[in-house]
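Order of appearance sets the numbers: ligands from 1, and atoms from 1 within every ligand.
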Amino acid sequence: MYKGTNASSGIGIGTAVIVEEAELVITREMVADAEAEVERFKGALQRTMDETEALAADLAQRVGEKEAEIMNGHLMLLMDPMLTGEVEGVIRSEGVCGEHAIGQVFDMYAGVFASMDDELMQQRATDMRDLKTRLQRVLLGVASTDIASLPAGSILVARDLTPSMTAGINPANVAGIVTELGGKTSHSAILARALEIPAVVAVEGFLSQVSGGDQVVLDGDAGVVYVNPDETVAAEYQAKREAFLKEKKELEQYIGKPTVTKDGVSVELVANIGKPEDVERVLAYDGEGVGLFRTEFLFMDRDSMPTEQEQFEAYKTVAEKLEGKPVIIRTLDIGGDKEIPYMGLKKDENPFLGYRAIRLCLDRKDDIYRPQLRALLRASAYGNIKIMIPMVTCLDELRAAKALIGDIKKELDAENIPYNREIQVGIMVETAAASLMADLFAKEADFFSIGTNDLTQYTLSVDRGNEKISYLYSTFHPAVLRSIRHIIACGREAGIMVGMCGEAASDPMMIPLLLAFGLNEFSMSASALLRSRKMITNYSIQELQAVADKALSFSTTGEVEAYMKEFLG
Ligand code: PEP
Ligand code: MG
């Protein structure tokens, strides 16, 4: 078994096809007529641009506009006069052939990007190498690997799939993707997810372990790959794959159905997103809105802060696409495990207890918080946006955020800029302090969303990312269960909506308890929506009260978990 990074969900079973872009042999040929060679280069450039444009149009139609942007990015590079001018300059000054000049210039840029310690820059290096090879192929008249016409059941194995290769993939034929390089946010991973092809990336040294024709099994959720697995493993994954596909198909019947319990209680079933383009999947899986937009992702994978205008456009896009359905947008939650290099933050000794989220935002109102809140208020004119404050531990923080929002509203009034005057401002309840004071917070917050990922780590003093102590990290610990029940009760008592956007909201063992506690809104990854709707519609809240009472009567995590497993059968 080989371990890598889980990049796209699902089980892939099939035959390895090694996609190796055979190294083109480029020699440093001298040319007699440099101007004629420049013209030859320009011809190849134009053909490559035409091809790229066609790929972008095909992607836009088959997959989505956002995915097509990757190819449009390539097009922009090809149209960059600085870059192509440098190639022409090398041809003219050194009198060398176009193939060599392309290699020299594109390799130089790829090298610079590759040496930078940043995933986005690494991606640019891949883009540069991809374009280099494509331009050289056109000049040499060499065809590239035809990924579009692979046999059905192919598992693509490559050192790194270039975006143009991934763009040509036909999901009907490709059962999975394994690469040695790349990360969760590499373009190939993004495209694999958009095409719903299971993928595992960053499997170190994988190419030396596999040959074309080998049987490969990959688990895109667990991030593991097997080569020529024995019968037991093969059968296990075959069964997993069938169950995955069968469930996916069966769940389609829940699209368009309301999320109502057997005894007639409606709850909201909404999704967590990180980028505007994630909305496509929310709509595809019939999400009733967005319960958590983690805005920090807009700030990642780039070299500078997104401007107020860029943020406004992102928030507006989401609000408009959801056509009046609720969209809870969380203000920036960085620090802790999420770093943003260009912000120049010092490493905290104790990051999860440190300079994070609302603490940081209130300290950097001018360059961070104000622009974000202004963007949010401006976007609120275009849909049903609500603002959510993360990691609150005291009322002063909520009050300070609300005061700032009040100031910005006055500014917008003075500038005649429209916004929703009644915009709701709620909090993430994810610290022990917020939970213990939930009754007080409920008087000043318009809604609660329970962040169990953090609430669990802060309640149990267990770092959520530390493997060594992960056995202690459980939302079924009696202390966490009591905390959740208490928060929901306080919110309901005050008449405000209480949702949950931590991972526990889609945990099948937790859903019955949350229903019994009276949770109003469940927010989760889009792929979990339909399964959760199925569960919720099969329960009667009345019947679940006894289950919740029993679960809360135990003294240890193990007992609670065992009971809930038994209850689910
Ligand atoms: C949480 O803490 O439960 C949560 C939803 O936020 P994040 O995982 O982004 O900290
Ligand atoms: Mg959190």
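- Contact atoms of ligand 1 toward Cys501: 5 (C) (distance under 4.0 Å to a heavy atom of the residue).
- Of the residues Val429, Val392, Leu436, Ile496, the one that meets the side-chain contact (heavy atoms from CB on, under 4.5 Å) test with Phe441 is Val392.
- Close to ligand 1: Arg356, with a non-hydrogen atom less than 4.0 angstrom away.
- How far CD1 of Ile488 is from CD of Glu493: 14.0 Å, rounded to the nearest 0.5 Å.
- Here Met428 has side-chain heavy atoms under 4.0 Å from ligand 1, and that is the only part of it that gets that close.
- Phe554 has its ring centre less than 6.0 Å from the ring centre of Tyr563.
- Here CG of Leu544 is found 6.5 Å from OH of Tyr539. Values are rounded to the nearest 0.5 Å.
- Here the side chain of Ser483 pairs no donor or acceptor atom with the backbone of Ala479 at under 3.5 angstrom.
- In this model, no donor atom of one side chain and acceptor atom of the other lie less than 3.5 Å apart for Thr126 and Gln123.
- Glu180 places no side-chain N or O within donor-acceptor distance of the main-chain N or O of Glu204, the cut-off being under 3.5 Å.
- Using 4.0 Å as the threshold, Met388 has no heavy atom nearer than that to any atom of ligand 1.
- Of the protein's non-hydrogen atoms, Arg294 NH2, 3.5 Å is the one closest to atom 7 (P) of ligand 1.
- Atom OE1 is the N, O or S atom of Glu430 at the shortest distance from the Mg ion (ligand 2).
- Nearest-residue assignment for atom 2 (O) of ligand 1 (options Gln457, Glu430, Met500, Met524; heavy-atom criterion): Glu430.
- If you look at Arg464 next to ligand 1, the close heavy atoms, those under 4.0 Å, all belong to the side chain.
- The existence of a salt bridge linking Glu411 and Arg374 is confirmed by a sub-4.0 Å separation between a basic side-chain nitrogen and an acidic carboxylate oxygen.
- Atoms of ligand 1 lying under 4.0 Å from at least one heavy atom of Leu292, given by number and element, are 5 (C).
- We find that Lys402 and Glu444 are not joined by a salt bridge, their nearest charged nitrogen and carboxylate oxygen being 4.0 Å or further apart.
- Taking 2.8 Å as the criterion, Asp333 does not count as a coordinating residue of the Mg ion (ligand 2), since none of its N, O or S atoms falls below it.
- Residue Glu296 has no nitrogen or oxygen atom sitting less than 3.5 Å from a nitrogen or oxygen atom of ligand 1, judged on distance alone.
- Within Asp454, the N, O or S atom at minimum distance from the Mg ion (ligand 2) carries the name OD2.
- At a heavy-atom cutoff of 4.0 Å, ligand 1 is contacted by no atom of Asn272, backbone or side chain.
- Among protein heavy atoms, atom 6 (O) of ligand 1 sits closest to Arg330 NH1, 3.0 Å.
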